[in-house]
Amino acid sequence: MSSIVRPYGDTTGDGMVQVSFTLPVPHSKVAEGAAAQLANKMGIDPALVVHAKPMGPDFTFFVVYGRVNHLVELDKVEVVERDFPLLTPKEVNAAVKRALRRRLVVVGACIGSDAHTVGIDAILNVKGFAGEKGLEYYRELKVVNLGAQVSVPQLVERARAEKADAVLVSQVVTQRDAHLLNTREMSAAFRESYPSDRRPLLVVGGPRFDETMASELGVDRVFTRGTTPGEVASFLVHRLAPTGAAR
């Protein structure tokens with residue numbers, strides 16, 4: 001397979017893309033012209049405004065379709081590859097029981113003003129996500145789900161009280177980079193409250209995180225959209241009960 005590719009629209013390599021954005025202007029012909037102008041400056045040429053919808057009296061949402069000349073160099077793409085094996089619930093339970101000889105304690109929450117618990121519930125609640133049971137299903141895991149709008153001091157306090165091995169934080173609200181600010185505050189608080197060799201594993205997740213930012217954010221792992229409970233459980237075993245991680 002070639003390491004250089006172009007976007008595909010109607011035919012292979014035609015460079016056609018579709019983008020959407022909102023401009024802070026009322027819907028009008030001028031607004032549509034502004035959308036086309038912006039798309040041109042983004043490198044889309046020709047740019048066709050295929051959808052324009054008012055979003056209240058002062059904003060307009062656009063969808064633009066057109067051609068770009070940029071190429072993608074696959075061998076220069078940087079991603080975080082999974083560096084641990086995926087385990088079944090039975091294998092996770094066996095690994096924890098063998099390595100820790102006790103239940104592995106997981107505390108989860110949405111911190112700050114974030115009230116969107118869908119993500120954390122998908123990972124923790126027994127009903128799970130994408131056909132997989134959540135961490136509550138694993139008999140060797142003790143799960144404490146604190147829910148939404150938990151302050152960082154409350155999270156640290158509860159983690160200490162539960163003697164948490166891992167802390168999972170979900171962040172969906174991203175306005176003004178709230179997810180990044182909250183995560184940095186959380187990681188700093190845990191480092192201040194624990195000796196380096198006693199700190200729980202810190203894991204964050206959400207649809208707009210960048211997996212490569214774990215070190216920058218001061219956490220041990222970043223999970224993004226589409227992550228399943230099985231992936232999280234396997235990672236916890238990989239880091240906290242490694243002697244049982246081999247298949």
Side-chain angles (χ1 to χ4, degrees), residues 92-93 95-97 99-129 133-209 211 213-224 227 229 231-242:
V92 168
N93 288 328
V96 172
K97 189 173 183 178
L100 300 184
R101 300 183 183 278
R102 61 172 175 79
R103 298 174 77 192
L104 189 155
V105 181
V106 179
V107 173
C110 297
I111 59 175
S113 61
D114 200 323
H116 298 75
T117 62
V118 173
I120 196 70
D121 288 344
I123 299 300
L124 298 183
N125 287 3
V126 69
K127 63 184 179 182
F129 168 72
K133 298 289 188 182
L135 301 192
E136 290 178 345
Y137 173 76
Y138 295 70
R139 67 174 185 273
E140 296 299 329
L141 303 187
K142 177 186 176 182
V143 175
V144 181
N145 188 348
L146 303 182
Q149 297 182 319
V150 177
S151 71
V152 169
Q154 288 174 328
L155 180 60
V156 173
E157 181 181 1
R158 189 62 181 273
R160 294 183 70 90
E162 298 288 346
K163 298 182 180 179
D165 296 294
V167 172
L168 309 186
V169 166
S170 173
Q171 293 281 263
V172 175
V173 175
T174 59
Q175 283 86 348
R176 300 180 185 272
D177 286 338
H179 60 312
L180 305 181
L181 297 173
N182 289 340
T183 300
R184 290 191 178 99
E185 178 187 353
M186 182 267 294
S187 63
F190 273 94
R191 281 171 170 75
E192 290 174 2
S193 301
Y194 283 83
S196 59
D197 60 340
R198 299 282 300 278
R199 176 181 62 79
L201 202 66
L202 301 179
V203 179
V204 298
R208 295 193 179 180
F209 278 106
E211 290 178 304
M213 292 183 67
S215 291
E216 181 182 337
L217 295 174
V219 299
D220 298 289
R221 187 78 179 197
V222 174
F223 285 109
T224 56
T227 299
E231 290 179 85
V232 176
S234 297
F235 172 72
L236 297 182
V237 164
H238 172 70
R239 293 294 300 271
L240 299 171

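Residue numbers run from 1 in the order of the sequence given.
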Taking all non-hydrogen atoms of both residues, which atom of [X] and which atom of [Y] are closest, and how far apart?
X	Y	value
G108	L124	CA-CD1, 3.8 Å
R191	G218	NH1-O, 2.6 Å
A99	A241	CB-CB, 3.5 Å
A164	V167	CB-CG2, 4.4 Å
I120	C110	CG2-SG, 3.9 Å
E211	T224	CG-CG2, 3.5 Å

Pairing residues for Y138 by the ring-ring contact (aromatic ring centres under 6.0 Å, His included) criterion, not counting sequence neighbours: none
Could you tell me which residues satisfy ring-ring contact (aromatic ring centres under 6.0 Å, His included) with F209, sequence neighbours excluded, listed by chain and number? H179
To the closest 0.5 Å, what do you measure between [atom1] ([X]) and [atom2] ([Y])?
X	Y	atom1	atom2	value
L141	N93	CG	CG	6.5 Å
L146	T117	CG	OG1	12.0 Å
L201	L104	CG	CG	9.0 Å

Start with the C-alpha distance between V204 and M186, add both sets of side-chain angles, then the distance that settles side chain to side chain contact (heavy atoms under 4.5 Å, CB included), and finish with yes or no. CA-CA 10 Å; V204 298; M186 182 267 294; 3.7 Å; yes
Set out, in order, the CA-CA distance, both residues' side-chain angles and the distance that settles side chain to side chain contact (heavy atoms under 4.5 Å, CB included) for L155 and F190, then state yes or no. CA-CA 9 Å; L155 180 60; F190 273 94; 4.0 Å; yes
Side chain Q171, main chain I111, donor-acceptor under 3.5 Å: yes
Can you list the residues that meet the side-chain contact (heavy atoms from CB on, under 4.5 Å) rule with [X], with sequence neighbours excluded?
X	answer
R198	Y194, P195
Q149	A115
E136	N125, V126, V143
A214	V219, V222

Derivation and outcome, side chain to side chain contact (heavy atoms under 4.5 Å, CB included), residues L135 and L236: CA-CA 11 Å; L135 301 192; L236 297 182; 4.3 Å; yes
Residue set satisfying side chain to side chain donor-acceptor pair (under 3.5 Å) with E231, at least two apart, ordered chain then number -> T228
Set of residues satisfying side chain to side chain donor-acceptor pair (under 3.5 Å) with respect to Q154, sequence neighbours excluded: S151
Any salt bridge (charged side-chain N to carboxylate O under 4.0 Å, His left out) involving residues 103-123? Give me the pairs, sequence neighbours left out, ordered by first then second residue. none
Any salt bridge (charged side-chain N to carboxylate O under 4.0 Å, His left out) pairs touching residues 162-179, not counting sequence neighbours? R102-D165, K142-E162, R158-E162
Who are the salt bridge (Lys or Arg N to Asp or Glu O under 4.0 Å) partners of D220, not counting sequence neighbours? R199, R239
For E216, give me all partners under salt bridge (Lys or Arg N to Asp or Glu O under 4.0 Å), at least two apart in sequence or on another chain. R184
